2 protein chains.
Amino acid sequence: MKKTLHETIRTDMEAAILSGALAAGERLPTEADLMEQYGCSRMTVNKAISALVAASLVERRKKAGSFVARPKMHSMVLDIPDLEAEVLQRRQRYAFHLLSREIRLADPQKEYEQQLSGGEALLVLTGLHLADGQPLAFEERSVSLAAVPDMAQQGFELISPGAWLLKHVPWTEAETRIAAVNAAPEVARHLDQDVGTACLYIERRTWRGEAGVTWVRQHFIGKDYDLIAHFGPARSGGAI
Amino acid sequence: MKKTLHETIRTDMEAAILSGALAAGERLPTEADLMEQYGCSRMTVNKAISALVAASLVERRKKAGSFVARPKMHSMVLDIPDLEAEVLQRRQRYAFHLLSREIRLADPQKEYEQQLSGGEALLVLTGLHLADGQPLAFEERSVSLAAVPDMAQQGFELISPGAWLLKHVPWTEAETRIAAVNAAPEVARHLDQDVGTACLYIERRTWRGEAGVTWVRQHFIGKDYDLIAHFGPARSGGAI
DNA sequence: CATGATTTAATGTATAGACATAAAAATCGA
DNA sequence: TCGATTTTTATGTCTATACATTAAATCATG
């Protein structure tokens with residue numbers, strides 16, 4: 001693998017930082033120094049350091065120089081599961097089983113539904129994600145038909161609503177809430193677990209620009225599933 | 001707020017993408033076009049588009065052009081709690097209560113401890129995070145004294161081990177596993193909950209370069225705590 | 001008609017220089 | 001000595017240009 005000059009500079013600095021040779025808060029060589037050291041123009045050095053800034057490994061202050069940033073621990077990267085892909089990676093058979101399907105107006109009591117609907121009808125679905133026929137997650141989903149009118153025609157025998165949306169709707173923003181709950185009787189029944197079993201509860205709302213697209217709540221069987229978040233350079237593969 | 005030219009181009013393109021004016025997969029104007037449109041040099045356009053690529057809003061293919069990327073939903077940003085800060089933000093009083101403290105060699109049975117120790121001793125702590133005196137989380141932590149020899153002298157009456165480490169150790173990489181578990185008797189007792197209560201279980205391992213720094217396992221009371229992950233441009237504040 | 005060679009249009013990388021800007025450091029004045 | 005002013009230094013932005021690279025598009029050929 002051939003590396004470009006600015007990549008070389010970037011990785012050299014990165015290595016120096018990660019190895020501890022350049023500790024947090026320390027100043028790294030000035031652009032002029034690096035320019036000479038690598039025998040290149042300032043723009044090239046600048047590009048390399050800018051990349052480190054974008055990765056928030058480095059902070060720059062005018063006149064003062066560039067400094068190794070102290071890791072913030074506030075923004076880790078969370079691998080969000082594409083359930084089908086993960087189940088297949090486990091060499092299991094994936095299936096989505098639709099439990100219910102309904103088109104109705106938003107419940108005026110429920111704030112989220114009101115926000116989502118945009119005045120129009122909602123498609124409300126419940127279903128199960130299955131791995132080798134065993135329930136893995138129970139899902140309740142509301143979809144804004146204002147944002148995704150085509151979805152009313154879908155059957156979801158072959159593809160899960162989430163996968164369909166991912167393929168057909170260009171969303172731009174999403175927020176996920178992660179919590180632990182004891183399985184309620186209905187959830188426990190669907191997941192084939194005892195009432196009270198610890199479940200990883202994931203709630204995600206997705207927008208396209210200002211308009212809500214979908215709002216989904218999933219219960220995962222706690223002992224069978226977990227999420228992985230990662231901070232740092234060595235981006236690993238997905239969760240198991 | 002004055003914007004630089006490449007920022008202007010960047011935000012213009014970003015707005016076009018997020019508004020849907022440029023849909024996923026569509027091609028955006030060539031660098032030559034934008035060059036003319038903004039009356040600037042190609043380097044400036046290139047910098048703007050490169051930023052969008054770094055933010056994975058855009059993908060580029062040679063000869064073909066730059067295209068709006070389809071959101072991947074594989075990498076959301078997870079707000080990792082600084083517990084003390086969050087408790088204070090809730091206008092509650094924060095405290096850490098040390099339950100046990102021990103210096104010992106790694107258990108040869110436990111792979112993680114072996115990996116962490118680097119042959120030297122471990123500092124093993126357990127304690128409670130309290131909000132207004134109420135238990136919020138139960139924590140078990142192992143610290144590599146090879147990586148952090150100073151920690152053996154700490155008392156942790158005033159500061160939690162996590163906060164101390166964050167302040168004193170320049171780590172470079174961390175991995176967090178998130179799961180849901182039913183509270184075991186010991187955990188339930190410490191958290192003042194019934195046995196079996198759903199707990200959010202967070203396990204984090206932290207490295208500096210190749211060397212392990214700390215390995216921590218936390219149990220949060222499910223109904224009192226959750227995590228927020230976010231994808232998209234409108235970076236909001238922390239979780240509640 | 002398919003397949004392989006050639007052209008060409010786009011991005012990728014890099015240079016050398018110019019001027020702008022902010023803040024630390026040095027200088028000067030009261 | 002302290003505060004205000006000036007200088008200096010390092011980054012920030014941008015230009016105009018050059019050549020490299022790659023993959024799509026086109027064209028030639030069997």
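Just so it is clear, the structure is predicted and the values come from calculations on it, not from any experiment. Naming convention: chains lettered A, B, ... in sequence-line order (proteins, then strands); numbering from 1 in each chain.
- Using modelled atom types and a 3.5 Å distance limit, the side chains of A/R205 and A/T214 yield no donor-acceptor pair.
- In this structure, the CZ atom of B/F67 is 9 Å from the P atom of C/dT11, given to the nearest Å.
- Listed here is the closest heavy atom pair of A/I228 and A/L78: O-CD1, 3.5 Å.
- Annotation: A/E36, atom CD; neighbour count of heavy atoms from other residues, nucleotides and ligands within 6.0 Å does not exceed 12.
- In this entry the distance linking CD of B/E31 with C1' of C/dG12 reads 9 Å, nearest Å.
- One atom, CG of A/L28, and another, P of D/dA10, lie 13 Å apart when rounded to the nearest Å.
- Rounded to a whole Å, the CZ atom of B/R61 is 22 Å from the P atom of C/dT8.
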Contact letters for nucleotides 13-18 of chain C, in which S counts primed atoms plus P, OP1 and OP2 and B counts the base, heavy atoms under 4.0 Å: BBBBBB
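- Both tests do not hold together for B/R101 against B/F156: distance to the six-membered ring centre under 6.0 Å, angle to the ring axis within 45°.
- The aromatic rings of B/H129 and B/Y94 sit tilted relative to each other, their planes meeting at an angle between 30° and 60°.
- Residues A/K62 and B/K62 each lie close to DNA chain D; by heavy-atom proximity, the contact nearer the 5' end of the strand is made by A/K62.
- Separating the CZ atom of A/R60 from the P atom of C/dT21 is a distance of 18 Å, rounded to the nearest angstrom.
- Cation-pi geometry between A/R217 and A/Y201 is not met at under 6.0 angstrom from the ring centre and within 45 degrees of the axis.
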